[in-house]
Amino acid sequence: MKLIVVGGVAGGASAAARVRRLDPSAEVIVMDRGDYVSYSNCALPYYLSGMVEEDRKLVMMWPEGFKKSHDIEVRVNNEVIAIDRANKKVLVRDLKEGREYEETYDKLVLSPGASPIMPASIKGIDGPNVFSVRTVNDVVRIKDAVMLSPGKRTAVVGGGFVGIEVAENLAKAGQEVTLVEGLDQILQPFDYDMVQILHKEMDDNGVKLYLKTLLKEIKSDRIVVEREGETFEIETDNVVVAIGVKPETDLAKAAGLEIGTTGGIKVNENYQTSDPDIYAVGDAIEQMNTLTGKSGRLAMAGPAQRQARAAADHMYGRENHLKGFIGSCVIRVFGQNAAATGLNEKACEKEGINYETVIIFPNDKVGIMPNVHYMAFKLIFEVPSGKILGAQAIGRGEADKRVDVIAAMITMGGTLEDLKELELCYAPLFTTAKDVVNFAALVGLNLLNGDVRQVHLKDVRELVESGAYIIDVREPGEFANGHIIGAHNIPQSQIRQRLDEIPRDIPVYLHCRSSQRSYYCYCALKGRGFDNLYNIQGSFLGISLYEYFNDKDQGRKPIVDNYNFK
């Protein structure tokens with residue numbers, strides 16, 4: 001068999017290597033229009049801060065290595081410009097020599113990836129101080145430019161994963177960084193209530209965040225932006241545009257291959273396109289979301305590698321069953337690790353799913369151990385089935401570990417009952433005897449079974465401003481260090497002796513630091529006939545984190561007298 005692979009990196013290179021393992025006699029040729037065929041595109045931003053010391057270290061394997069280790073011929077700076085499906089040939093342009101030639105194939109794999117969106121409507125976007133991030137050459141150019149910039153100022157446009165990683169690494173390299181995002185939050189896989197932690201983290205580390213702000217024009221020493229109808233300028237030396245990517249489908253379209261509803265190349269469960277001899281993998285394809293059953297696109301290296309293996313297997317008679325994606329992701333934002341999987345609230349609402357959420361702030365390990373921190377954890381589940389739909393975790397500890405557990409549960413169709421009983425590793429240095437995810441399942445079951453009623457974080461401000469009766473059950477010293485304005489302090493240790501102070505004829509809202517003690521008080525009061533109780537989701541730590549950046553960004557009056565993030 002003769003295989004031609006168009007494009008390298010995670011998808012193309014993996015497909016080629018898998019075919020070689022399955023068939024030592026196959027002729028395998030990889031064409032890539034760039035200078036490199038196998039590099040860690042996910043690690044590109046870390047070259048900007050020096051965490052990756054040399055640009056060469058970003059390259060995973062050179063053409064000579066492919067030939068020597070795998071007997072795969074790699075042709076860089078060779079662009080496939082047309083596919084002749086009838087005669088099973090591709091037309092290739094050698095970008096170095098300027099010549100064109102044809103190459104036949106038995107099977108063809110398309111792995112062209114996705115290209116950065118650079119809207120032509122933005123004046124100045126083609127300027128010499130404007131950069132995108134896709135290849136090794138891109139980050140080398142960015143680093144060279146920022147090192148020479150007189151003011152050490154860089155504006156990053158776009159608050160997705162690439163934009164955040166670029167902003168962080170430029171800040172660590174000594175740049176004065178501004179981040180401009182058109183929506184009201186960064187990192188769309190996370191819900192608004194959770195992402196406030198990351199807004200605060202970026203603000204704490206000197207990144208100036210402009211949310212709900214649109215880029216209008218780029219000049220040599222500033223950008224023109226618009227926020228809520230107001231146009232203003234931000235001084236900067238360089239601009240990195242990271243507002244998203246679009247699948248590279250021009251080659252596929254020209255060949256008459258079917259394109260899906262989301263703009264990616266349409267494939268079946270074996271990653272075959274509408275031509276059974278042509279496969280497609282990676283960022284350019286359209287897949288199915290496992291939880292919604294609808295088409296979507298996922299630009300990530302892990303899924304691309306799995307797709308590549310599946311495509312290669314099918315060429316040799318090994319059937320696959322496309323399971324779709326659930327969208328697991330992780331990122332570090334300065335000191336915070338943030339991970340998510342499955343559906344968030346926005347997705348559930350869009351799909352009309354009846355759901356409920358849990359937000360908790362337990363310790364990530366036993367409290368007397370060194371380096372213990374809170375773990376903000378959000379669990380989303382279907383009502384009334386209890387089926388797990390998604391999770392988000394943010395903290396200075398192992399957020400990815402907790403979300404990986406939920407990703408496995410979602411893949412296996414797990415419920416709150418399954419998660420409650422899940423036996424996980426425990427030792428004081430690693431976690432608590434009741435891990436964060438077990439704890440979240442128990443809270444979820446309390447809600448599902450009607451054992452407790454809660455108020456969501458986003459609704460607390462309205463309660464405070466309306467004069468609702470809120471009880472802070474923390475001890476007096478904790479209350480003095482920061483509390484909700486207007487809250488009544490009745491500590492858990494005193495609540496049974498102060499029942500007469502608690503109203504029975506109006507709603508009563510309980511909270512503590514992390515919702516645990518307030519839940520205990522909820523049970524104690526419920527057992528004494530109180531039926532007007534609500535537990536505040538996330539409690540004071542969650543409220544502080546939710547309100548802090550919003551108050552600063554929107555200039556609104558705080559509802560707490562002193563934020564406390566411990």
Side-chain angles (χ1 to χ4, degrees), residues 159-161 164-165 181 183-202 289-292 298 300 325-351 353 355-364 373-382 387-411 414 416 419 422 431 435-444 447 454 456-458 514-515 537-539 541-546 548-550 565:
F161 285 82
I164 298 303
E165 289 170 344
E181 167 56 49
L183 299 175
D184 61 357
Q185 68 167 83
I186 62 174
L187 298 172
Q188 293 306 306
F190 296 86
D191 281 316
Y192 189 76
D193 46 20
M194 292 290 284
V195 84
Q196 301 309 321
I197 303 170
L198 302 180
H199 288 165
K200 177 182 182 299
E201 186 72 9
M202 295 195 74
N289 185 304
T290 304
L291 289 161
T292 66
L298 187 69
M300 291 186 178
F325 66 89
I326 59 174
S328 300
C329 57
V330 67
I331 186 172
R332 188 193 67 183
V333 182
F334 292 98
Q336 296 281 3
N337 302 314
T341 192
L343 303 180
N344 57 22
E345 285 199 67
K346 295 185 290 287
C348 289
E349 290 167 2
K350 181 179 179 181
E351 296 300 322
I353 297 172
Y355 73 94
E356 183 55 279
T357 67
V358 168
I359 297 181
I360 56 175
F361 286 82
N363 289 336
D364 58 4
H373 301 287
Y374 72 80
M375 176 69 67
F377 188 83
K378 182 172 187 174
L379 186 66
I380 302 172
F381 58 92
E382 187 179 50
K387 178 183 176 182
I388 298 170
L389 300 174
Q392 300 157 41
I394 302 175
R396 301 190 184 279
E398 295 179 315
D400 58 329
K401 168 184 172 181
R402 273 68 185 206
V403 169
D404 281 343
V405 169
I406 303 302
M409 297 296 291
I410 291 173
T411 303
L416 293 176
L419 185 58
L422 195 63
T431 180
D435 187 73
V436 172
V437 298
N438 302 124
F439 187 11
L442 293 170
V443 176
L447 293 169
Q454 70 173 356
H456 297 102
L457 270 176
K458 61 184 176 63
S514 65
S515 299
Q537 185 185 68
S539 276
L541 178 55
I543 294 165
S544 293
L545 290 165
Y546 184 84
Y548 174 80
F549 182 80
N550 272 329
F565 308 114

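Atom set for the values below is all heavy atoms of this structure, side chains included, hydrogens, waters and symmetry mates excluded. Nothing here was measured: the structure is a model prediction, and the numbers come from that model.
- For Q185, the side chain to side chain contact (heavy atoms under 4.5 Å, CB included) partners at least two apart in sequence or on another chain are Q188, Y192, V195, H199, K346.
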Candidate pair N289 and L343, rule side chain to side chain contact (heavy atoms under 4.5 Å, CB included), full reasoning: CA-CA 10 Å; N289 185 304; L343 303 180; 4.3 Å; yes
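- In this structure, Y548 has its ring center closer than 6.0 angstrom to the ring center of F565.
- Judged as a side-chain hydrogen bond (donor to acceptor under 3.5 Å, both in side chains), and not counting sequence neighbours, K387 has no contacts.
- Put simply, SG on C329 and CZ on F190 are 5.0 Å apart, with the number rounded to the nearest 0.5 Å.
- Applying the salt bridge (charged side-chain N to carboxylate O under 4.0 Å, His left out) criterion to E351, with sequence neighbours excluded, gives K294.
- In this structure, the salt bridge (charged side-chain N to carboxylate O under 4.0 Å, His left out) partners of D193, at least two apart in sequence or on a different chain, are K378.
- Residues forming a side chain to side chain contact (heavy atoms under 4.5 Å, CB included) with E181 (at least two apart in sequence, or on another chain): L179, L183, L211.
- When every heavy atom of F361 is checked against every heavy atom of G538, the shortest pair comes out as CD1-O, 3.6 Å.
- Under the side-chain hydrogen bond (donor to acceptor under 3.5 Å, both in side chains) criterion, E356 pairs with Q454, H456, not counting sequence neighbours.
- Taking CG from L389 and OG1 from T341, the interatomic distance works out to 11.0 Å, rounded to the nearest 0.5 Å.
- In terms of heavy atoms, A376 sits closest to I197 at CB-CD1, 3.5 Å.
- Annotation: side-chain hydrogen bond (donor to acceptor under 3.5 Å, both in side chains) contacts of D364 (sequence neighbours excluded): none.
- Of the inter-residue distances, the one linking L545 atom CG with E201 atom CD reads 10.5 Å to the nearest 0.5 angstrom.
- How far CD of Q196 is from CZ of F549: 7.5 Å, rounded to the nearest 0.5 Å.
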V358/F439 under side chain to side chain contact (heavy atoms under 4.5 Å, CB included): CA gap, chis, key distance, verdict: CA-CA 10 Å; V358 168; F439 187 11; over 6 Å; no
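- Using modelled atom types, no side-chain atom of R402 and backbone atom of V437 make a donor-acceptor pair closer than 3.5 Å.
- Considering only residues two or more places apart in sequence or on other chains, N344 meets the side-chain hydrogen bond (donor to acceptor under 3.5 Å, both in side chains) condition with none of them.
- Closest approach of I388 and I410 over heavy atoms only: O-CG1, 3.7 Å.
- K401 meets the salt bridge (charged side-chain N to carboxylate O under 4.0 Å, His left out) test with no other residue; sequence neighbours excluded.
- The minimum heavy-atom distance linking I164 with G159 is given by the pair CG1-O, 3.7 Å.
- Side-chain atoms of T357 and Q537, non-hydrogen and from C-beta on, do get closer than 4.5 Å to each other.
- At a threshold of 4.5 Å between non-hydrogen side-chain atoms, the residues V330 and V403 do not count as touching.
- Between I394 and V333, every side-chain heavy-atom pair lies at or beyond the 4.5 Å cut-off.
- With sequence neighbours left out, S515 forms a side chain to side chain contact (heavy atoms under 4.5 Å, CB included) with S518, N535, S539.
- For the atom pair CD1 (I360) and CG (L379), the distance works out to 8.0 Å, reported to the nearest 0.5 Å.
- Pairing each heavy atom of Q392 with each of A340, the nearest pair is CG-CB, 3.9 Å.
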Derivation of the side chain to side chain contact (heavy atoms under 4.5 Å, CB included) call for E398 and D400: CA-CA 5 Å; E398 295 179 315; D400 58 329; 3.9 Å; yes
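- The minimum heavy-atom distance linking G444 with L416 is given by the pair C-CD1, 3.6 Å.
- Taking E382 as the reference, nothing meets the salt bridge (charged side-chain N to carboxylate O under 4.0 Å, His left out) condition, with sequence neighbours excluded.
- Distance CD1/I359 to CG/D191: 8.0 Å, rounded to 0.5 Å.
- Using a 4.5 Å heavy-atom threshold, the side chains of P362 and V436 count as touching.
- For T290, the side chain to side chain contact (heavy atoms under 4.5 Å, CB included) criterion is met by I326, not counting sequence neighbours.
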